[in-house]
Asks: 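Structure provided below as structure tokens; questions to follow.
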Amino acid sequence: HEPRLGMSLRFAVGDRVRCKTSATQWKRGTIVALHYREDGWPPGQTAPYQVELQNGPLIYAPKDSEGVIRADDGIEELERSARVFVCQAGPCRRAGGEAVLLEIEELSRSVGGVAVRPSGCLGNCSNAPNVLVVDDQAEQIFARRCDLAASAEVVQRASGRVPSLGDADMVARLARARRLRVRTEAREESKWNLALCGMREDVARAHAEAQAEPTEESADSLQELVQEYAELLAAAGFGDKALEALSAAAGPAAELSLEHIPSLRLLVGQARVLAGMGRAADIERLRGAVCALQPRGRREESLQAQVEELLSDAAEDALVARGGEAGCVQDRVQGYARWSLRAVTPVSKHSAVYHFTSDDGERGTPIRKGRGGRTVWSKTWHTTLLAEVGEAANNEGPLPWVERDYTPVSTAHEWEQGRCDILIKVYLDPPGLATRWLHSVSAPPPAAGEGAAAGTAAAAGGGAGAVVWLSRPMKTLHVPSLSLDQQYINRKHASVLLLVAGTGVVAVPQVLHHARAGSCFGPRPPITSTPVHVMYSCRSDDALLVPELAGWCKDGSLARCTVLVTPAHAAAAAPFPDVADVDVASAFATVDSAVCVNARLSPELVRAELSQMQKPHRVVVSGPEGFNAAVKAMLSQIDDELGAAAVTVLSA
């Protein structure tokens, strides 16, 4: 406690104040005593104030600090307890969700009265990053929190106080942290277009700052940024641009010196880029330039030897990349493999299964094995497709492609054999940037009535054989927990409900792959006796995987399946207009555990389904963002137990 007797205080008896009474609450009160003491305290020790709370008890303030007790201006509603949830799901995390969480946490500490927590998907993925503010009066989503001012707006709404942005050092530090978090997340997922977004401008800004204030710190910051920029360009397959960036930062070769460590680091960076391009001769020229330097003293001799060794290693790597002396190196995108589009099978007026094949050894595997081939962990998985829309059409980054995540309907074993089938909805009105490109390079759809076989046969014409880049497989959900994060990986459940819509239905086969010995990763299926229920929402002109759903009900893979069908949108442009609509009711006519309902998903229907399932439940939501948000709200109304630990919302 503080202060000692005799110290001056900010407030007097009778002053109206606000006191921090918990991590998230401030309450109004009146000062009733100064230098307050309680029996049993050491001699001379006091609390600065005793306060009578409005409509409450007597308390004391342990210290005379703005973080504990403040003057009451009588304007804000302080008794409310606001909670802020910062989305950390895929799209928001990639758009800087981690940095938004950091910013809001720091700004909230300066005003008090706000509890800040990470959250799962908030169902507004196209407007990432997103934040939800909840208090006693209402809930409000704040979309596109793309800078510090936007985060400050969230804190002001949650606390009723305007956080200060006057600390230039804090603002600069948080801005750097945001850019770094976005790049780090993008690098981890091999999303080079996203990682490079805005980086050229950052390099130019750092270069201008280094020229304006030429300090050792600014020079080091510029060098680190240029090296990262070059690494990202090289990873994306643009080695020449990476070399240009490094050469511009390094300056003329005549300035190379053993006394100037930054220039040597940039030279080693050039060698590493050249190694990936297979240009061993160019690396040898760099090595010759280093060998020609005249060291002064043992320190420079040691440094020269280290650099020469690094350049020799790079030259060897270049030969490996070329495949030997006479080999040639192809342009590659790090983390991706070449696949050929062999066929397109339209399955509705709006969606088709795209069939890819590959013999590229860089494609990786979804099946991670330990020693002796033993599977070390299981997962559902997805891959990233690069849609080469061109730089002019790309508003998401500087590269000629956009990156889109897709969940295959084929198995992990088929991927290992070089086959991959992806169910994709094609958006024509309004046009989807990636799917419009994919539709333009794909084989023509079959004529009316020709069905799936004609779709496969169409591989002989049109865009068949078009080369597409697909990333190595990446984890979506842990299995058998069906959780996104490690936090709930050990949670047990007695039943699973998959609430899916549109092409989000692809989550069903991925989960069921782990229920069969022939398609699971290990010697035993990790999902065995746990009953799986499905509620699938679709339009009548875009009902997907219906025959498969009926088959899974018949063979017992699904305990129950409900398909909720709504009318088609009359004005919606259809990429495959000649494909007949699936008659869901007829497909389910002989299946006791499957039912077709002409209705929208409702809380009553979900509650009825859950009542037939054994607790504890695991609920997985997978669909368009509007569906995900609506279902998440439904679940919170239906059952208090369906919180973050029990519900997984997949990114749209």
Side-chain angles (χ1 to χ4, degrees), residues 18-27 65-70 76-125 127-167 169-182 184-185 483-488 629 632-633 636 643-645 647-649 651:
R18 300 171 295 172
C19 299
K20 186 175 184 180
T21 57
S22 73
T24 62
Q25 275 194 317
W26 290 74
K27 292 188 177 181
S65 164
E66 275 287 301
V68 174
I69 185 168
R70 296 172 176 163
E76 298 100 347
E77 180 60 46
L78 298 169
E79 278 67 30
R80 70 188 179 192
S81 176
R83 291 169 292 161
V84 175
F85 298 93
V86 184
C87 181
Q88 300 297 292
C92 285
R93 195 173 62 248
R94 288 191 287 273
E98 280 188 304
V100 175
L101 178 61
L102 176 69
E103 291 170 358
I104 293 178
E105 284 177 338
E106 181 149 345
L107 294 173
S108 295
R109 282 195 291 270
S110 70
V111 299
V114 180
V116 185
R117 300 183 182 93
S119 81
C121 182
L122 296 176
N124 194 32
C125 302
N127 294 304
N130 292 286
V131 179
L132 174 67
V133 176
V134 181
D135 59 22
D136 295 337
Q137 285 76 40
E139 295 185 359
Q140 182 178 355
I141 282 188
F142 289 80
R144 297 186 185 278
R145 302 294 94 184
C146 297
D147 54 38
L148 186 59
S151 294
E153 182 186 1
V154 172
V155 175
Q156 180 180 355
R157 163 65 180 79
S159 68
R161 291 176 58 85
V162 180
S164 173
L165 299 181
D167 185 340
D169 290 339
M170 179 196 73
V171 171
R173 173 169 50 79
L174 291 176
R176 287 194 299 270
R178 178 185 282 260
R179 292 194 294 269
L180 180 60
R181 295 287 180 94
V182 170
T184 299
E185 184 65 35
S483 63
L484 287 165
D485 304 314
Q486 294 276 358
Q487 182 179 359
Y488 304 117
K632 190 173 182 181
S636 65
V647 178
T648 298
V649 181
S651 304

Asks: Closest heavy-atom contact between Val86 and Val100?
Replies: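 Closest approach of Val86 to Val100: CG1-CG1, 3.9 Å.
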Asks: What's the shortest heavy-atom distance between Ala150 and Arg144, and which atoms?
Replies: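 So the two residues come closest at CB-O, 4.4 Å.
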Asks: Can you pull out every salt bridge (charged side-chain N to carboxylate O under 4.0 Å, His left out) where at least one residue sits in residues 147-156? Sequence neighbours excluded, please.
Replies: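 Applying salt bridge (charged side-chain N to carboxylate O under 4.0 Å, His left out) to every pair that reaches into residues 147-156, excluding sequence neighbours, yields Arg145-Glu153.
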Asks: What's the shortest heavy-atom distance between Ala629 and Leu122, and which atoms?
Replies: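 Reported closest heavy-atom pair: CB-O, 3.9 Å.
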Asks: When you measure from the side chain of Glu185 to the backbone of Gly96, do you find a donor-acceptor pair of N or O atoms at a distance under 3.5 Å?
Replies: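 Not at all, since once roles are kept as given, no pair shorter than 3.5 Å links the two residues.
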Asks: Checking Leu484 now: which residues fulfil side chain to side chain contact (heavy atoms under 4.5 Å, CB included) with it, not counting sequence neighbours?
Replies: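 So Leu484 forms a side chain to side chain contact (heavy atoms under 4.5 Å, CB included) with Leu477, Thr648, Leu650.
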Asks: Report the distance from atom CZ of Arg18 to atom CD1 of Ile69, rounding to the nearest 0.5 Å.
Replies: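 Arg18 atom CZ to Ile69 atom CD1 measures 10.5 Å (nearest 0.5 Å).
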Asks: Taking all heavy atoms of Cys87 and all of Ser119, pick out the closest pair and write down the distance.
Replies: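 Between these two residues, the closest heavy atoms are CA-OG, 3.5 Å.
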Asks: Of all heavy-atom pairs between Lys632 and Val649, which one has the smallest distance, and what is that distance?
Replies: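 In terms of heavy atoms, the two residues are closest at CD-CG2, 4.3 Å.
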Asks: Looking only at non-hydrogen atoms, find the nearest pair between Ser151 and Arg178 and report the distance.
Replies: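 Minimum heavy-atom separation between Ser151 and Arg178: OG-NH2, 3.6 Å.
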Asks: With sequence neighbours left out, what residues match Glu106 under side-chain hydrogen bond (donor to acceptor under 3.5 Å, both in side chains)?
Replies: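 Arg173.
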Asks: With rounding to the nearest 0.5 Å, note down the distance linking CG in Leu174 to CD in Glu103.
Replies: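 The CG atom of Leu174 sits 5.5 Å away from the CD atom of Glu103.
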Asks: If the condition is side chain to side chain contact (heavy atoms under 4.5 Å, CB included), which residues does Ala175 pass it with, not counting sequence neighbours?
Replies: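 Side chain to side chain contact (heavy atoms under 4.5 Å, CB included) check on Ala175 returns Arg179.
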Asks: Find out whether Cys92 and Cys125 are in side-chain contact, i.e. whether some heavy atom of one side chain is under 4.5 Å from a heavy atom of the other.
Replies: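 Heavy-atom side-chain distance check fails, nothing below 4.5 Å.
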Asks: Would you confirm whether Asn127, through its side chain, and Ala143, through its main-chain N or O, come within 3.5 Å as a donor-acceptor pair?
Replies: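 Side chain of Asn127 to backbone of Ala143, a donor-acceptor pair under 3.5 Å: no, none is there.
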Asks: Excluding sequence neighbours, so at least two apart, what forms side chain to side chain contact (heavy atoms under 4.5 Å, CB included) with Pro163?
Replies: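 In terms of side chain to side chain contact (heavy atoms under 4.5 Å, CB included), with neighbours along the sequence ignored, Pro163 is linked to Leu107, Ser110, Val111, Ala152, Val155, Gln156.
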Asks: Does Arg181 have any side chain to side chain contact (heavy atoms under 4.5 Å, CB included) partners at least two apart in sequence or in another chain, and if so, which?
Replies: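 Arg181: side chain to side chain contact (heavy atoms under 4.5 Å, CB included) contacts with Glu98, Ala99, Leu102.
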